[in-house]
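Remember, it's a predicted structure, so these values are computed and weren't measured experimentally.
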Protein chains: 2
Amino acid sequence: MPTPDRTSLAEIVEAGRELLERDGLDGLTMQAVATRVGVRAPSLYKRVSNRDALVALVADATLRELGDSVDAAAGELERDPRERLREMARAVRAFARRRPVAFRLIFAPGAELRLDPDSLARSSASVVAVSGELAGEEHALDAARTFTAWANGFVSMELAGAFRLGGDVDRAFEFGVERLADAVAASGAR
Amino acid sequence: MPTPDRTSLAEIVEAGRELLERDGLDGLTMQAVATRVGVRAPSLYKRVSNRDALVALVADATLRELGDSVDAAAGELERDPRERLREMARAVRAFARRRPVAFRLIFAPGAELRLDPDSLARSSASVVAVSGELAGEEHALDAARTFTAWANGFVSMELAGAFRLGGDVDRAFEFGVERLADAVAASGAR
DNA sequence: ACCTGAACACCGTTCAAGT
DNA sequence: ACCTGAACACCGTTCAAGT
């Protein structure tokens, strides 16, 4: 005899995202998620195979949101590609500040977490496009990887509190964007 | 009546490092460490205040080792700074492959982990020095941060399996080193 | 068909009792 | 002064029993 559903996968993932940001990865427990969606912990296993799978779903949702933010920042095709690259870098940094815990989860996951290739592809599409404009099509992928590595690395180090030698971190960020744009553009000129 | 020590802090940290690499952060349990050093879990609390503190000691030991590797790769002062920068980047990548779990732990720590400022300073000294040679003293710190962000970002993404769009990752790495060296050197010319 | 309480194995941590 | 067993609170996960 059927019972009406008392929760849903989407609600569970959303609860996971909120708990992750509020209480860290350790605070994302099955019991806390269950309480938040109004159910007992064992019931979660009807929708999710285990905690790691739930963490992966949370990471994937965040990766897609990041991809959308960067896409939006990339803006119109007509604009100066350097300006678009700059805006994309700022969007990554703003996103990391909005969801610091999830950002770390995506870019330095535990060994078990495998990000969905489709989500990865979507999240990098606009970076590859702008990089191609700057560096030329045959260097688009290498240039996109160089830029993405710098942006994620900078933001990760900032979140980790690794910039402790003084100096102005905002200025270092803007310095980096301009140098990266130059570097990538230079490669197109060869 | 005193009892002879059956273990030491150094031995505990070393056991933690081995377990971390072998079984991941989740495998670094107080019980596993205790077994490995031949003691019961409660005894560990004589030398370490709790598990997080032990994890921090493990991270710090790894950060110092990374700093030493990069220093060694920086080599002689007389050599071409671009070549030195290249070797330093390769040293970071080699280190990450040797200790992937610990590398991730350092660059995307959980919220609680604070790296020791002294260890951070030591590990970045030679990068700042070489960057200063390339970019000029007044841009040394910004340039070092740009380079370090790229190197750590690239290696972290590689470890996370984030480069899935095909293409040659080794080539992307070498492309990145050359572009970063150019970018940083260009800033010295202004 | 979904939900629950009970149960199991495991973990971090504390503490009184041993030597 | 260090080490231990026992205990507590907590977690992930399974499963038989309820509706």
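- At least one side-chain nitrogen or oxygen of B:R47 sits closer than 4.0 Å to the OP1 or OP2 atom of D:dC3.
- With a 3.5 Å limit on both pairing distances and Watson-Crick or G-U wobble geometry required, the stems of 3 or more pairs in DNA chain D span C:4-8 with D:12-16, C:12-16 with D:4-8.
- Distance from the side chain of A:K46 is smallest to C:dC2 among D:dT13, D:dC2, C:dC2.
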After noting the C-alpha distance and the side-chain angles of A:T62 and A:F95, does the key distance pass the side chain to side chain contact (heavy atoms under 4.5 Å, CB included) rule?
-> CA-CA 10 Å; A:T62 306; A:F95 183 87; 3.6 Å; yes

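- For the pair A:R145 and A:F147, the cation-pi criterion (under 6.0 Å, within 45° of the ring axis) is not fulfilled.
- A straight line from CD of B:E11 to P of D:dC3 spans 10 Å, rounded to a whole angstrom.
- Within a 6.0 Å sphere centred on CZ of A:R40, other residues, nucleotides and ligands contribute 12 heavy atoms or fewer.
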Which letters describe nucleotides 7-12 of chain D, given B = protein heavy atom under 4.0 Å from base, S = only from sugar-phosphate, - = neither?
-> ----BB

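- A residue-by-residue look at B:D5 and B:P42 shows that B:D5 has its nearest nucleotide of DNA chain D further toward the 5' end.
- The pair A:R84-A:E87 does not meet the salt-bridge criterion, since no charged nitrogen lies less than 4.0 angstrom from a carboxylate oxygen.
- In terms of heavy-atom proximity, A:L165 sits nearest to B:S124 at CD1-OG, 3.6 Å.
- In this model, the phosphate group of D:dC2 is not approached by any side-chain N or O of B:R6 to a distance below 4.0 Å at OP1 or OP2.
- When the side chain to side chain donor-acceptor pair (under 3.5 Å) test is applied to B:R22, no partner is found at least two apart in sequence or on another chain.
- Remark: the B:S119 side chain and the B:R64 side chain contain an N/O donor-acceptor pair separated by less than 3.5 Å.
- Between A:F154 and A:F173, the ring-plane angle classifies as perpendicular under the 30° and 60° cut-offs.
- The shortest distance between the side-chain N/O atoms of A:S43 and the OP1/OP2 oxygens of C:dT4 is below 4.0 Å.
- Here D:dT14 presents its P atom at 13 Å from CG of A:L44, a figure rounded to the nearest Å.
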